[in-house]
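Please read the structure below before turning to the comments.
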Amino acid sequence: MELGEQLQKLREQKNMSREELAQEMNVSRQAVYKWENNKGYPDIENLIKLSDLYNITLDELIKGDHSFQKKIVIDKKKNNIEDLSDPGFLVGIILVFVGLFLDLGTFSAGITILGFLTMFFYEDFKQMLWTIKKDFKQEK
């Protein structure tokens with residue numbers, strides 16, 4: 001059973017209208033409609049509120065909807081900033097220091113900016129290069 005069907009069934013078991021649920025959840029009636037018709041999904045905070053409201057676990061709430069489970073992704077990129085051994089951070093910090101401490105004229109500012117961009121967008125750069133490489137191989 002998809003999440004939307006389950007949410008509608010649970011709401012009807014509580015004899016609640018979409019409007020009443022929306023007020024209880026502090027969202028719009030349209031948001032509830034989208035959830036129940038699988039046109040959108042509640043965020044994690046609203047999933048927790050729904051599980052509390054219906055007295056079921058989060059597992060019971062989402063376990064039947066495999067397409068929703070695939071959309072739940074843990075963002076590993078957010079932890080890279082905290083990891084000082086990340087290659088993007090190391091390359092970026094080297095470029096920043098080179099740009100700041102070598103007198104290369106206006107070129108120094110460019111290197112410094114490139115260093116900061118590398119520190120924060122290294123994974124994106126790497127993904128972009130792999131995509132270009134894969135596309136290039138497919139053309140041959």
Side-chain angles (χ1 to χ4, degrees):
M1 177 185 308
E2 290 190 353
L3 179 63
E5 295 170 33
Q6 178 144 353
L7 290 174
Q8 183 174 359
K9 184 180 106 182
L10 290 166
R11 177 181 57 79
E12 289 170 351
Q13 286 175 353
K14 280 246 185 207
N15 294 322
M16 295 178 79
S17 68
R18 284 188 179 135
E19 184 69 35
E20 291 169 333
L21 178 61
Q23 288 176 354
E24 179 79 25
M25 297 290 299
N26 201 23
V27 297
S28 68
R29 184 178 41 81
Q30 291 84 358
V32 174
Y33 171 82
K34 286 179 182 178
W35 298 343
E36 291 182 356
N37 289 287
N38 296 308
K39 295 181 189 264
Y41 293 106
D43 62 16
I44 190 67
E45 290 176 19
N46 285 323
L47 282 171
I48 293 169
K49 286 180 187 178
L50 288 165
S51 72
D52 289 342
L53 180 68
Y54 297 137
N55 292 321
I56 61 172
T57 65
L58 282 173
D59 190 43
E60 292 170 319
L61 191 59
I62 64 173
K63 199 166 196 167
D65 191 343
H66 298 291
S67 64
F68 179 67
Q69 290 175 13
K70 289 178 185 175
K71 290 182 188 264
I72 299 174
V73 176
I74 298 172
D75 191 359
K76 293 181 181 177
K77 288 184 195 178
K78 290 182 181 176
N79 294 332
N80 285 344
I81 299 299
E82 298 168 3
D83 185 9
L84 298 180
S85 65
D86 178 53
F89 181 79
L90 295 175
V91 169
I93 203 78
I94 290 169
L95 288 172
V96 167
F97 280 114
V98 166
L100 290 175
F101 294 113
L102 290 182
D103 186 21
L104 303 172
T106 57
F107 192 61
S108 290
I111 292 175
T112 303
I113 292 170
L114 181 63
F116 282 117
L117 290 173
T118 303
M119 286 169 56
F120 295 109
F121 298 109
Y122 176 74
E123 290 297 321
D124 296 322
F125 288 149
K126 189 168 74 171
Q127 183 65 37
M128 181 179 67
L129 290 174
W130 281 115
T131 303
I132 291 170
K133 181 180 176 184
K134 186 175 97 179
D135 291 345
F136 185 73
K137 283 185 177 181
Q138 287 177 351
E139 286 182 10
K140 286 188 176 183

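All values reported here derive from a predicted model rather than from experimental measurement.
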Return the [atom1] to [atom2] distance between [X] and [Y], rounded to the nearest 0.5 Å.
X: L95; Y: I111; atom1: CG; atom2: CD1; result: 7.0 Å
X: T118; Y: L90; atom1: OG1; atom2: CG; result: 12.0 Å
X: I62; Y: L50; atom1: CD1; atom2: CG; result: 12.0 Å
X: K14; Y: N55; atom1: NZ; atom2: CG; result: 5.5 Å
X: Q13; Y: M16; atom1: CD; atom2: CE; result: 13.0 Å

Do you know which two heavy atoms are closest between [X] and [Y], and how far apart they sit?
X: V96; Y: M119; result: CG2-SD, 4.2 Å
X: L7; Y: P42; result: CD1-CG, 4.4 Å
X: N46; Y: M25; result: O-CE, 3.4 Å
X: L117; Y: F125; result: O-CE1, 3.8 Å
X: F120; Y: F116; result: CD1-O, 3.0 Å
X: Q6; Y: I56; result: NE2-CD1, 4.0 Å

For L61 and L10, run side-chain contact (heavy atoms from CB on, under 4.5 Å): C-alpha distance rounded to whole Å, both residues' side-chain angles, the deciding distance at 0.1 Å, then the answer. CA-CA 10 Å; L61 191 59; L10 290 166; 3.8 Å; yes
Please indicate whether [X] has more than 12 foreign heavy atoms, meaning atoms of other residues, nucleotides or ligands, lying under 6.0 Å from its [atom1].
X: E45; atom1: CD; answer: no
X: K34; atom1: NZ; answer: no
X: N26; atom1: CG; answer: no
X: F121; atom1: CZ; answer: no

Please tell me if the side chains of L3 and W35 come closer than 4.5 Å, counting only heavy atoms from C-beta onward.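 A side-chain contact under 4.5 Å is absent here.
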Do Q23 and R29 have side-chain heavy atoms sitting under 4.5 Å apart?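 Sidechains of R29 and Q23: no contact.
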Cluster question for you: counting only ILVMFWY and a side-chain heavy-atom cut-off of under 4.5 Å, with indirect links fine, are F101 and I93 together?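 As far as the 4.5 Å side-chain criterion goes, I93 and F101 are connected within one cluster.
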Under a single-linkage definition using a 4.5 Å side-chain heavy-atom cutoff for Ile, Leu, Val, Met, Phe, Trp and Tyr, are V27 and I44 assigned to the same hydrophobic cluster?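 In one cluster: yes.
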Between E123 and K126, is the closest basic N to carboxylate O distance under 4.0 Å?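 The answer is yes: the pair qualifies as a salt bridge.
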Heavy-atom donor-acceptor pair, [X] side chain to [Y] backbone, under 3.5 Å:
X: S108; Y: L102; answer: yes
X: R18; Y: V32; answer: no
X: K39; Y: Y33; answer: no
X: E60; Y: T57; answer: yes
X: E20; Y: S17; answer: yes

Begin from the C-alpha positions of E5 and E36 and carry the test side-chain contact (heavy atoms from CB on, under 4.5 Å) through to its verdict. CA-CA 6 Å; E5 295 170 33; E36 291 182 356; over 6 Å; no
When you look at L53 and L21, which way does the side-chain contact (heavy atoms from CB on, under 4.5 Å) test go after all the steps? CA-CA 10 Å; L53 180 68; L21 178 61; 3.4 Å; yes
